[in-house]
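Structure first, then comments.
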Amino acid sequence: MWGGYILIALGLFRAYQLVMSFIHPAGKIVIGPKQISLPRGAHRGNPLVVDASKVSAVYFLRRSVPWNRSAPVLVIEFDDEAFAYPRDWFASEADQRHVVHAILSHLPAVRRDPEGKSAESADDAKPAAAES
C-alpha cells in the first residue's frame with residue numbers, strides 16, 4: 001500500500017517537472033558585455049543576472065563530484081554564491097570550455113611578475129627608501 005503512495009508521489013513530481021519544462025524553456029547561460037545571466041535550474045524562470053565584474057572564479061570540478069552528477073561540473077562563483085552546472089547541461093565538454101573562456105574574458109587580468117607574485121604585492125614589498 002505505501003509503495004503505491006510513493007509511486008503516485010513520484011509520478012506527480014515528474015508531471016510537475018514536465019509542466020515546468022513546457023512553461024519555462026531550458027536554462028541558458030547568457031554572457032553579455034557587462035552582465036551574465038545564470039539560470040537557477042534546468043527549467044526554472046527568473047534567471048539571476050550578475051555584473052561580469054562580480055564573478056570571482058570560474059572552474060571545473062572533475063574529481064570531487066557527487067555520485068549523482070556527471071563530471072566535469074562547471075562552477076561559477078560570485079559574492080558568496082556559487083552555481084554548479086553539470087556536464088548534462090551542455091552538448092559537449094567543449095561547450096563548457098567556451099563558457100569558461102567567455103566569462104574569463106570579462107574578469108580583470110592579474111598582472112604577474114617573473115617571481116610569480118601579483119603586481120600589487122610586488123609593489124607593496126618595495127622598501128620605503130625606493131619610493132622617495
Are Leu10 and Tyr5 close enough, and set up right, to give a side-chain contact (heavy atoms from CB on, under 4.5 Å), and what steps lead you there? CA-CA 9 Å; Leu10 184 63; Tyr5 291 134; over 6 Å; no

Quick one, Val73 with Val75, criterion side-chain contact (heavy atoms from CB on, under 4.5 Å). Give me CA distance, side-chain angles, the key distance, then yes/no. CA-CA 6 Å; Val73 174; Val75 179; 4.2 Å; yes

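Interatomic distance, NE2 of His98 versus OG of Ser92, reported as 6.5 Å (0.5 Å rounding). Atom CG of Leu7 is separated from atom CH2 of Trp2 by 13.5 Å, given to the nearest 0.5 angstrom.
Under the 3.5 Å distance criterion, with hydrogens and angles disregarded, no donor-acceptor pair is assigned to the side chains of Gln96 and Tyr85.
For the pair Phe78/Asp51, no side-chain contact is recorded, criterion being any heavy-atom separation below 4.5 Å from C-beta on. Side-chain contact between Arg14 and Gln17 is present, with heavy atoms from C-beta onward closer than 4.5 Å.
Cluster membership for Leu104 and Leu74, using ILVMFWY side-chain heavy atoms within less than 4.5 angstrom, is shared. A continuous path of ILVMFWY side-chain contacts below 4.5 Å connects Trp89 to Leu48, so both sit in one hydrophobic cluster.
Under the side chain to side chain donor-acceptor pair (under 3.5 Å) criterion, Glu93 pairs with Arg62, sequence neighbours left out.
Scanning both residues, Ser21 and Leu18, for their nearest heavy atoms gives OG-O, 2.6 Å. Minimum heavy-atom separation, Tyr59 to Glu77: OH-OE2, 2.6 Å.
Side chain of Arg97 to backbone of Val100: no donor-acceptor contact under 3.5 angstrom is found.
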Check residues 28-40 and write down every donor-acceptor pair under 3.5 Å in which the side-chain atom is one partner and the other belongs to a residue at least two apart or another chain.
{"from": "Arg40", "atom 1": "NE", "to": "Asn46", "atom 2": "O", "distance (Å)": "2.7"}

